[in-house]
Structure formats: C-alpha cells, structure tokens
Amino acid sequence: MPTDATTVPRSQTPRRWPDEPAQGGRYTEAEEAAVREAMADSQPWRIGWRGKDCIAAFENAFHDKAGARYAVAFNGGGTALEMVLKCLDFQPGDEVISCALNFVGTHLPVIHQGGNLVFAEPDPLTLNLDPVDVEHRLTSRTRAILVTHWNGLAADLRPFLAMAERHPNRTMVPRR
C-alpha cells in the first residue's frame, strides 16, 4: 500500500541514507488477485491456511527457474533459516556473522541452535552488511555469513560469495 502523505512528518533535512527506500509497498492487480485466490483456497477448515496447489506450483516454478535440485517453500524466514542451519549441521559454538542492524527474528534461529552470533557493522550508505568488516571477523569457528537486505534495498552478494570462496573451510560448507 502506498505511503499516506498526511501521516508523514514534514522535514527539510536531507535523508542520511539516500538509497533507503520508503516504507510500505505497492502491489499490482495480479499480485493482489493471487493473494485473494490463495486466501479463498485455504478457507475450508480441512485445509487451513495452506494453499497446497499454490505452494506446489510455486516450488515447481522456482525449481525450474533456479535450476535447483530442490525447492521448498516455508511459512517465513525464521523457519527457513532454522532449516538452513540444520542442513549445515550447525553445532553449538559455531559462529554466524550477521549485521548488527537487523530484525531480531533473523538472529533467533542462530541463538536457538546454540550458535555464537557475531555482529558486524553495516555499510554506512546502504545499511546492509559491510563485507570489509565481515572479513575481519572471520574465524575458524565461522560457519555462515548471514546477509539480509535492509528495508527492501538488496545487498550486493558478490563480495560475500568471493569471501566464501577464499575461505572454503570456514563458511557455508555443510559438514560431511
């Protein structure tokens, strides 16, 4: 939904972070129709809030588009992150580096599984995770770098992928 201009405080001060997108969102007619259809499909009490046909279609389309071996939809990012950590055979004491400026739900799965959360600084312009700071925080216990996208501004993943390749025994590698 678009921002209601009458509720936004008037300010003459320029924004500190010019790339930060405005809060809120805009949805197309097709997106709104898809949500209405999923809600209608899930109303029978025997199904509950699970549009099975929609989920299967989404997983199949994602699988085909990404060329992935598997595609599994989750009910939210926290649940998905729990499963990622389980697939990495995450152990208590393993470290995950994440941006200090983040939603708490991003960090709860790490803490829940007994991991050590290592906070790294945000990039001062984008507020996304700063790759230079992350590189300084890597240790032999680092198992993952948790990159999130701040307020809709996509993080540049290239420096993190390059970092993972330079340190293959440290990050994002499932235990055998």
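The first residue of the sequence shown is numbered 1, and numbering continues consecutively from there.
Taking every heavy atom of both residues into account, Thr106 and Pro109 meet most closely at O-CD, 3.6 Å. What you find for Thr126 and Asp123 is that their closest heavy atoms are N-OD1, 2.9 Å. Summarising the geometry of Pro131 relative to Met163, their closest heavy-atom pair is O-CE, 3.3 Å, with the distance given to 0.1 Å. For the pair Ala73 and Phe58, the tightest heavy-atom approach, listed with the atom from each and the gap, is CB-CD2, 4.3 Å. Contact detail for Ala155 and Val147: the closest heavy-atom pair is CB-CG1, 3.7 Å.
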Inset, instruction - Report the C-alpha separation of Arg166 and Glu135 in whole Å, then their side-chain angles, then the decisive distance to 0.1 Å, and conclude whether the side chain to side chain contact (heavy atoms under 4.5 Å, CB included) test is met. - result: CA-CA 10 Å; Arg166 286 193 306 276; Glu135 186 109 38; 2.5 Å; yes
Inset, instruction - Show your working on side chain to side chain contact (heavy atoms under 4.5 Å, CB included) between Val84 and Lys86 and close with a plain yes or no. - result: CA-CA 5 Å; Val84 167; Lys86 287 186 184 299; over 6 Å; no
Inset, instruction - Could you go through the side chain to side chain contact (heavy atoms under 4.5 Å, CB included) check for Val110 and Leu85 one step at a time? - result: CA-CA 8 Å; Val110 176; Leu85 295 176; 4.1 Å; yes
Inset, instruction - Evaluate the side chain to side chain contact (heavy atoms under 4.5 Å, CB included) criterion for residues His63 and Arg69: first the C-alpha distance (whole Å), next the side-chain angles of each, then the deciding distance (0.1 Å), finally the verdict. - result: CA-CA 7 Å; His63 167 274; Arg69 188 171 178 186; over 6 Å; no
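Distance check, rounded to the nearest 0.5 Å: CG of Leu117 to CD of Glu95 gives 10.0 Å. Taken from NZ in Lys65 to CG in Asn60, the straight-line distance is 15.5 Å, to the nearest 0.5 Å. Note that the CD atom of Glu121 and the NE2 atom of His136 stand 11.5 Å from one another [nearest 0.5 Å]. Distance OG1/Thr139 to NE2/His167: 11.0 Å, rounded to 0.5 Å. Separation of atoms CZ (Phe74) and CG (Leu81) is listed at 10.0 Å; rounding is to 0.5 Å. With rounding to the nearest 0.5 Å, the separation of SG in Cys99 from CZ in Phe119 is 9.5 Å.
Each of Leu108 and Leu101 belongs to its own hydrophobic cluster when Ile, Leu, Val, Met, Phe, Trp and Tyr are linked at side-chain heavy-atom distances under 4.5 angstrom. Under the 4.5 Å side-chain heavy-atom criterion for Ile, Leu, Val, Met, Phe, Trp and Tyr, Met83 and Val72 are members of the same hydrophobic cluster. Both Val96 and Ile111 are part of a single hydrophobic cluster, where members link through side-chain heavy atoms under 4.5 Å apart. No path of Ile, Leu, Val, Met, Phe, Trp and Tyr side chains, each step under 4.5 Å between heavy atoms, connects Phe160 with Val132, placing them in separate hydrophobic clusters.
The backbone N or O of Trp150 lies less than 3.5 Å from a partner atom in the side chain of Asn128, making a donor-acceptor pair. Gln113 places a side-chain N or O within donor-acceptor distance of the main-chain N or O of Glu82, the cut-off being under 3.5 Å. Checking side-chain atoms of Asp64 against main-chain N and O of Ala61 turns up no donor-acceptor pair under 3.5 Å. Side chain of Arg141 to backbone of Gly93: a donor-acceptor contact under 3.5 angstrom is found.
Residues forming a salt bridge (Lys or Arg N to Asp or Glu O under 4.0 Å) with Arg158 (at least two apart in sequence, or on another chain): Asp156. For the side chain to side chain contact (heavy atoms under 4.5 Å, CB included) test, residues two or more places apart in sequence or in another chain that qualify with Ala120 are Ile97, Leu129, Asp133, Val134, Arg137. Partners of Glu37 according to the side-chain hydrogen bond (donor to acceptor under 3.5 Å, both in side chains) rule, which considers only residues two or more places apart in sequence or in another chain, do not exist here.
Counting heavy-atom neighbours within 6.0 Å of His149 NE2, excluding the residue itself, gives a total above 12. Counting non-hydrogen atoms of other residues, nucleotides and ligands closer than 6.0 Å to CD of Glu32 gives a total above 12. For CZ of Phe62, the number of neighbouring non-hydrogen atoms (other residues, nucleotides, ligands) closer than 6.0 Å is 12 at most.
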